[in-house]
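Structure record follows, encoded as structure tokens.
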Amino acid sequence: MRESDLLFPAAPSRWNKGGGHRSRSSLDKPFADVAKVLELGYSVSPRAMRRTFQDLAREAKVKDVVARAICGHATQAMQQRYSTVGDPEMRSAIARVIDIATGRRVA
């Protein structure tokens with residue numbers, strides 16, 4: 001499994017050596033256990049974690065091709081589907097555009 005390129009590789013089973021794709025529901029129980037230990041009060045889905053990874057990778061300025069390789073997205077469209085843009089990121093982008101448009105010195 002350590003050799004897998006996937007973020008959450010499948011464990012070995014009697015049918016395979018592990019490291020491949022998991023079934024859609026295979027992370028439901030571990031995520032529910034973690035939410036219970038953390039006393040979140042709500043469930044966290046693998047989809048939410050995929051979105052969180054994409055957002056954190058973008059914040060860390062990880063190249064798109066690297067982020068897609070880690071989480072298994074084959075296309076830029078899929079990566080964008082699992083990304084969210086928050087207000088701080090949008091405000092920062094707008095501020096940079098305004099700086100350029102008004103000739104302000106970008107810090």
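Just so it is clear, the model here is predicted, and its values are computed rather than measured. If you read the sequence from its start, that first residue is 1, and numbering goes on from there.
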Would [X] and [Y] show up in the same hydrophobic cluster when neighbours are defined by side-chain heavy atoms closer than 4.5 Å?
{"X": "Phe53", "Y": "Val65", "answer": "yes"}
{"X": "Leu56", "Y": "Met49", "answer": "no"}
{"X": "Ile100", "Y": "Ile94", "answer": "no"}

Salt bridge (Lys or Arg N to Asp or Glu O under 4.0 Å) for Arg96 and Asp99? Distances and angles first, verdict last. CA-CA 5 Å; Arg96 289 192 308 271; Asp99 288 345; over 6 Å; no
Sidechain N-carboxylate O distance under 4.0 Å for Lys36, Asp33: no
What one should report as the nearest heavy-atom pair of Glu89 and Thr84 is OE1-O, 4.2 Å
With rounding to the nearest 0.5 Å, note down the distance linking CZ in Arg68 to NZ in Lys63. 12.5 Å
Between CG on residue Asp64 and CD on residue Gln54, distance to nearest 0.5 Å: 8.0 Å
Could you tell me whether a side-chain N or O of Arg51 sits under 3.5 Å from a main-chain N or O of Arg81, the two making a donor and an acceptor? yes
Would you find a donor on one side and an acceptor on the other, under 3.5 Å apart, between the side chain of Ser92 and the backbone of Pro88? no
Over 12 foreign heavy atoms within 6.0 Å of CD, Glu59: no
